[in-house]
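Numbering of ligands and ligand atoms starts at 1, following listing order.
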Amino acid sequence: MAEVVYGVATSHVPAIGAAIDNGKENTPYWRPLFEGYEGARKWMADADPDVIILAYNDHASAFDLDLIPTFAIGVADEFPIADEGYGPRDIPKVVGYPELAWHLAESLILNGFDMTIVNDLPVDHGLTVPLSIMYGKPDKWPAKVIPLAVNVIQYPPPTGQRCFALGRAIRNAVQTFPDGDNLKVAVFGTGGMSHQLQGERAGWINTPFDSAFLDRLADDPEGLTEISHTELLRDAGSEGIELVMWLIMRGALSRQVREVHRHYHVPASNTAAGLIIFEGSEALVSM
Ligand code: DHB
Ligand code: FE
């Protein structure tokens, strides 16, 4: 049976990708951030998931204000690296898993989540930077990736409750994948933590809020789903709303999880960069 056994949540700041691509990980500015990623990369090499279902938001690369899917799933064989204005990043192509993606689409839609199905999906920093954070610079990405794009750009985004419920539905869908013999599935939630890129509060960071969010994610995710959009905007900043995607990851894991790694660093560009890794109870059984 296929199982969601790993959960990773991480910020997806584009400048982190640029630092990796341009060999700047050891500069005084970036070193403290990347030091905290070392343990995560070691864990990732050992955990070695077969496939990553990666919840991220597109930043006007594949979609723009003409078309705003709330939840979209990429079902293609491959996903090109988006050109975000300075040429596509020089990183391996992202290889999909159409059989599982279509199974997810079917299961989620039949269970009431009206997913948008996407065949042509260039992926931007929201998806690629988390891969670079976790894998560094491999010749090819070790796992297949199913992109799950979430609208957090244009009001109204989905609620935390809906995102958590989507995670739960993903968990169930993965378990019923017929070709999933011992398939190890990771779910990523990306974006956050507190940051605001616009307006009077541009540069907003709220470390006490972020710390509490990290503390509660393992044992009180339902409590986190009760944070309203207004509270998220106020406390985590306008782009801190991306944190709802962390709840998709948490919803996809077992009720009990083990935290295996955590890192928090301010600043990374304009963002409080957070990273947290969980193993679900199934992963523990096999240890
Ligand atoms: C930054 C953070 C983001 O989440 C993003 O999508 C773009 C930029 C930043 O901190 O610069
Ligand atoms: Fe973002």
[X] heavy atoms, cut-off 4.0 Å: which ligand 1 atoms fall inside?
X      : answer
His59  : 6 (O)
Glu242 : 4 (O), 6 (O)
His12  : 4 (O), 6 (O)

Taking the Fe ion (ligand 2) as the vertex, what is the angle from NE2 of His12 to NE2 of His59, given to 10 degrees?
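Between NE2 of His12 and NE2 of His59, at the Fe ion (ligand 2), the angle is about 90°.
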
Would [X] end up clustered with [Y] when hydrophobic side chains under 4.5 Å apart are linked, directly or stepwise?
X      : Y      : answer
Phe63  : Phe113 : no
Leu131 : Met249 : no
Ile52  : Ile248 : no

Lys/Arg-Asp/Glu bridge criterion (N-O < 4.0 Å) met for Arg250, Asp219
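Not counted as a salt bridge, because no side-chain N and carboxylate O are separated by less than 4.0 Å.
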
Do Lys137 and Glu25 meet the salt-bridge criterion of a basic N to acidic O distance under 4.0 Å?
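Answer for the salt bridge query: no.
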
If I take every N, O or S atom of Glu242, is at least one of them less than 2.8 Å from the Fe ion (ligand 2)?
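Coordinating: yes.
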
Considering only the protein, which heavy-atom contact is closest to [atom], and what is its distance?
atom                    : value
atom 11 (O) of ligand 1 : Ser269 OG, 2.6 Å
atom 4 (O) of ligand 1  : His195 NE2, 2.9 Å
atom 2 (C) of ligand 1  : Thr271 OG1, 3.3 Å
atom 7 (C) of ligand 1  : Pro14 CD, 3.3 Å
atom 5 (C) of ligand 1  : His125 NE2, 3.4 Å

Does a sphere of radius 6.0 Å around CD in Gln198 hold more than 12 heavy atoms from other residues, nucleotides or ligands, not counting ones at 6.0 Å or beyond?
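Atom CD in Gln198 is crowded, with more than 12 foreign heavy atoms closer than 6.0 Å.
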
Donor-acceptor check, side chain of Ser269 to backbone of Thr271, threshold 3.5 angstrom: yes or no?
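No: the side chain of Ser269 does not pair with the backbone of Thr271.
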
